[in-house]
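I have placed the structure first, in the form of structure tokens, so that the comments after it can refer back to it.
Both backbone and side-chain heavy atoms feed into the values below; hydrogens, waters and symmetry mates do not. In each ligand, atom 1 is the first atom listed, and ligand 1 is the first ligand listed.
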Amino acid sequence: MHLIIQIPCYNEAQSLPATLADIPLRITGIDTIETMIIDDGSTDGTIDVARRLGVDHIIRLPGHKGLAIAFQAGLDTCLKLGADIIVNTDGDNQYPQAEIPRLIDPILHNEADIVIGDRQVQTVPHFSPLKKRLQRWGSWVVCLASGIRAPDATSGFRAYSREAALRMSVLTRYTYTLETIIQAGKKGLRVTYVPIQVNHPTRDSRLIKSNWTYVKHSAATILRLYAFYEPLRTFSFLSVPFVVIGLFALIRFLYFHFTGQAGIGRHVQSLVLGGTLLTIGFLLFVLGVVADLIAANRMLLEETMYRVKRMETAKEHPATPDDPSPIPEGVINREGW
Ligand SMILES: Nc1nc2c(ncn2[C@@H]2O[C@H](COP(=O)(O)OP(=O)(O)O)[C@@H](O)[C@H]2O)c(=O)[nH]1
Ligand SMILES: [Mg+2]
């Protein structure tokens, strides 16, 4: 079993040493443990620190691409390197790396495809009451959208089995954490949670500039993803108010018409309003049907992507210390990202 621990980094020279120091050197059931950083245009010498500390694989994204792209680049490279399990953790040493054995245990025992470290947000002393409440609502919404339990949907401390990593393709740019849970739910992957205690923060979050911006972006991402995966349901739901109000207005007009109270210029507003709203409702429903047909194609494309990735990253040459990984050690400059 080959484990790769990937750490997306954006200016983490300060905290990377502490993060790496806590990573276990041996884990029962794992033959090789390797580390990887995905540097996103850091300007503080993160790469030099990583090299000095002997990080096994360093990916350098050209320019600054954002966390979602860095995360996906990491997953893809881990697959090419022959990883059986991929752990993602933060470079700010927020997560307890010593808990990695517990995190990967359900995957080793084939009880889960994705394991998420649950920070038990409601008990974390340095989270504000507002952040705790937002977290609760967020978990509830993600659970509704994905159909799976999500006590800590935004935790970045996670383990993915090779199979789960092959199935992931992050499409949005803001929050890969929510997107991967929703994808897992829609693709029938098994997601489980392991309670963890987080370390005290060493700095402010780079991702969450303000609670309001975070909620706005996350809500947009969840809605978009829900529409990706459940287009017919989404558009039918959107059409309901138009159809209901439109029908009401139309029936009102018909009532006056058949009781002889509607005449030239009287109650015509109800007729116009009812007709317009019903047309909008009908168009929304038809959009849903078209989007549903397109979604069926996307599912086929996803299955093709999965098979291509599986062939591309086939483990003919498993990466072990005696058998060097198919990708050369050192800095990999992944152009095209
Ligand atoms: N590649 C990349 N990584 C980032 C970026 N912003 C933050 N990170 C990394 O993502 C991880 C989480 O960031 P952090 O600021 O701790 O966010 P939080 O823990 O969610 O509050 C850390 O390892 C950061 O170095 C970015 O723009 N690009
Ligand atoms: Mg952090």
Side-chain angles (χ1 to χ4, degrees), residues 4-23 35-50 53 55 57-78 86-97 99-100 116-121 124-128 130-132 134-135 138-139 142 150 152-158 170 172-181 196-215 217-218 221 331-334 337:
I4 301 186
I5 296 155
Q6 69 165 40
I7 312 172
C9 286
Y10 183 49
N11 292 335
E12 296 291 8
Q14 287 263 313
S15 45
L16 196 57
T19 308
L20 291 167
D22 278 351
I23 292 179
T35 48
M36 168 189 287
I37 72 146
I38 308 119
D39 178 62
D40 195 14
S42 299
T43 50
D44 68 343
T46 297
I47 288 196
D48 298 331
V49 173
L53 294 170
V55 170
H57 306 282
I58 298 174
I59 305 179
R60 190 163 53 195
L61 301 182
H64 181 64
K65 301 285 176 193
L67 181 55
I69 289 185
F71 171 79
Q72 186 71 52
L75 276 196
D76 291 346
T77 311
C78 288
I86 301 160
V87 164
N88 186 90
T89 187
D90 281 6
D92 62 351
N93 200 28
Q94 176 188 356
Y95 297 111
Q97 324 303 344
E99 295 282 29
I100 290 175
I116 301 178
D118 174 6
R119 293 167 292 178
Q120 306 172 82
V121 172
V124 176
H126 57 263
F127 278 9
S128 67
L130 176 64
K131 192 164 177 177
K132 287 180 182 171
L134 287 175
Q135 187 78 23
S139 291
V142 172
D152 188 5
T154 53
S155 168
F157 191 51
R158 297 173 173 208
V170 177
T172 60
R173 289 288 161 258
Y174 190 70
T175 155
Y176 81 86
T177 47
L178 302 183
E179 175 161 2
T180 45
I181 294 189
I196 54 160
Q197 302 283 326
V198 283
N199 298 327
H200 207 72
T202 48
R203 56 156 176 79
D204 287 343
S205 171
R206 302 238 161 87
L207 298 174
I208 306 175
K209 304 279 187 279
S210 80
N211 282 333
W212 167 237
T213 319
Y214 185 71
V215 169
H217 286 300
S218 302
T221 305
V331 176
I332 303 162
N333 195 348
R334 306 206 68 205
W337 280 98

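- Ligand 1 has no atom lying under 4.0 Å from any heavy atom of G156.
- When you scan the N, O or S atoms of D92 for the one nearest the Mg ion (ligand 2), you land on OD2.
- For D90, the N, O or S atom closest to the Mg ion (ligand 2) goes by the atom name OD2.
- The aromatic rings of H200 and H126 stand perpendicular to each other, their planes meeting at an angle above 60°, with 30° marking the opposite boundary.
- Look at D92 and you'll find a heavy atom under 4.0 Å from some atom of ligand 1.
- With respect to atom 28 (N) of ligand 1, the closest heavy atom belonging to the protein is D40 OD2, 2.5 Å.
- Within the 4.5 Å cutoff, side-chain heavy atoms of I100 are placed close to those of F157.
- Between E12 and S42, every side-chain heavy-atom pair lies at or beyond the 4.5 Å cut-off.
- Salt-bridge annotation for K65 and D40: absent, with no side-chain N of the basic residue lying under 4.0 Å from a carboxylate O of the acidic one.
- Close contacts of ligand 1 with H64, meaning ligand atoms under 4.0 Å from a residue heavy atom, involve 26 (C), 27 (O), 28 (N).
- For the pair L61 and I38, the minimum side-chain heavy-atom distance is below 4.5 Å.
- Residue Q197 places its CD atom among 12 or fewer non-hydrogen atoms of other residues, nucleotides or ligands, all under 6.0 Å distant.
- Within the coordination shell of the Mg ion (ligand 2), defined by N, O or S atoms under 2.8 Å, S205 is absent.
- Of all protein heavy atoms, the one closest to atom 21 (O) of ligand 1 is S205 OG, 2.6 Å.
- Contacts with ligand 1 closer than 4.0 Å are made by no heavy atom of K65, backbone or side chain.
- For ligand 1, the polar-atom distance check finds an N/O of Q94 within less than 3.5 Å of one of the ligand's N/O atoms.
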Determine, step by step, whether S210 and T213 satisfy the side chain to side chain donor-acceptor pair (under 3.5 Å) criterion, reporting the C-alpha distance in whole Å, the side-chain angles of both residues, the deciding distance to 0.1 Å, and the verdict.
-> CA-CA 5 Å; S210 80; T213 319; 2.6 Å; yes

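- Surrounding CD of Q14 are at most 12 heavy atoms belonging to other residues, nucleotides or ligands under 6.0 Å away.
- Between G91 and ligand 1, at least one pair of N/O atoms sits closer than 3.5 Å.
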